Amino acid sequence: MSQRIAYYDVAPDGMKIMMDMEKYTKTSTIHRTIRELIKIRVSQINGCAFCLDLHTADARKMGETEQRIYCLNAWNECTYYTPEEKAALELSEHITLIPTKRVPEDLYKRVREHFDEQQYVDLILIINQINSWNRISIAMGNTATEK
């Protein structure tokens, strides 16, 4: 991986906060498949190749299928995502594109059909965390490299 600045060295306290949030999101009751699907979809929207490379590899290691990974940008047209996954993906898109999409009440209610109050908060934190990572990676010039 190439990057513009060794930001973990330059801002270790800030990066520790990012890593602590990452640890927290992994302790949530949100299923790890949903967490990875969110990370991939948000990274697609934001155009973060580094994060796409990382999270598609992680999803494959977890047993995620190529079909589901490839079709994430059209998840709402597919029958092989669960209603829970679809609700989380729709919420992810709305939060990532919040200036134009917002989080309307009907979306909130659809998400809450599948996720309790704590899980809703955790979804918001997971979505915001990957948006932050995308912005850090893009701003720091992180690039996906062939393995």
Side-chain angles (χ1 to χ4, degrees), residues 1 3 7-8 11-145 147:
M1 171 183 74
Q3 56 186 213
Y7 50 93
Y8 280 87
D13 293 341
M15 295 314 299
K16 182 183 180 315
I17 292 167
M18 288 294 294
M19 294 308 294
D20 286 347
M21 178 59 81
E22 196 65 29
K23 287 177 192 171
Y24 171 80
T25 63
K26 288 179 181 174
T27 68
S28 77
T29 61
I30 305 300
H31 194 276
R32 66 185 192 152
T33 299
I34 292 176
R35 288 196 317 259
E36 286 307 313
L37 292 175
I38 288 169
K39 291 175 182 182
I40 295 167
R41 183 63 191 123
V42 169
S43 297
Q44 286 175 332
I45 294 167
N46 289 326
C48 185
F50 179 80
C51 291
L52 279 167
D53 185 53
L54 176 71
H55 295 294
T56 56
D58 288 348
R60 284 183 190 94
K61 287 178 197 166
M62 292 173 15
E64 190 55 79
T65 66
E66 297 296 314
Q67 181 183 38
R68 284 169 43 97
I69 292 171
Y70 295 151
C71 290
L72 260 175
N73 63 338
W75 61 265
N76 56 337
E77 298 174 24
C78 303
T79 60
Y80 39 82
Y81 298 104
T82 68
E84 243 182 353
E85 291 168 340
K86 286 184 172 191
L89 290 167
E90 185 176 3
L91 182 64
S92 299
E93 290 182 358
H94 278 255
I95 291 172
T96 301
L97 301 169
I98 205 157
T100 56
K101 290 206 171 225
R102 317 298 289 171
V103 179
E105 190 65 22
D106 63 317
L107 172 57
Y108 170 77
K109 288 177 182 175
R110 279 196 308 282
V111 173
R112 286 301 307 280
E113 288 173 13
H114 304 283
F115 300 97
D116 66 26
E117 195 171 76
Q118 177 68 51
Q119 290 172 318
Y120 182 82
V121 172
D122 286 344
L123 280 170
I124 301 303
L125 293 173
I126 291 163
I127 295 162
N128 278 285
Q129 180 72 0
I130 189 58
N131 270 290
S132 292
W133 281 125
N134 288 169
R135 284 154 175 75
I136 290 168
S137 289
I138 292 167
M140 294 299 176
N142 294 354
T143 56
T145 55
K147 293 173 179 71

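Please read all numbers here as calculations on a predicted model, not as lab measurements.
Side-chain contact between K16 and D20 is present, with at least one heavy-atom pair separated by less than 4.5 Å. N76 is not listed as a side-chain neighbour of E90, based on a closest heavy-atom distance of 4.5 Å or more. Using a 4.5 Å heavy-atom threshold, the side chains of I17 and M21 count as separate. The shortest side-chain heavy-atom distance between N46 and W133 does not fall under the 4.5 Å cut-off.
With K86 contributing its side chain and C78 its backbone, the two residues share a donor-acceptor pair below 3.5 Å. Remark: side-chain polar atoms of R68 are paired, donor with acceptor, to backbone N or O of Y80 under 3.5 angstrom.
In this view, S92 satisfies the side-chain hydrogen bond (donor to acceptor under 3.5 Å, both in side chains) rule with no residue, not counting sequence neighbours.
Note that CD of Q44 and CH2 of W75 are 12.0 Å apart. Values are rounded to the nearest 0.5 Å.
Every pair passing ring-ring contact (aromatic ring centres under 6.0 Å, His included) that includes a residue from residues 112-131 is listed here, sequence neighbours excluded: Y108-Y120.
Residues S137 and F50 approach most closely at OG-CD2, 3.7 Å, considering heavy atoms.
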Residues K101, L107; criterion side chain to side chain contact (heavy atoms under 4.5 Å, CB included); working and verdict: CA-CA 11 Å; K101 290 206 171 225; L107 172 57; over 6 Å; no
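With respect to L52, the side-chain contact (heavy atoms from CB on, under 4.5 Å) criterion is satisfied by exactly one of I69, V42, L72, I40: I40.
Salt bridge annotation for K39-E36: present, with a cationic side-chain nitrogen under 4.0 angstrom from a carboxylate oxygen.
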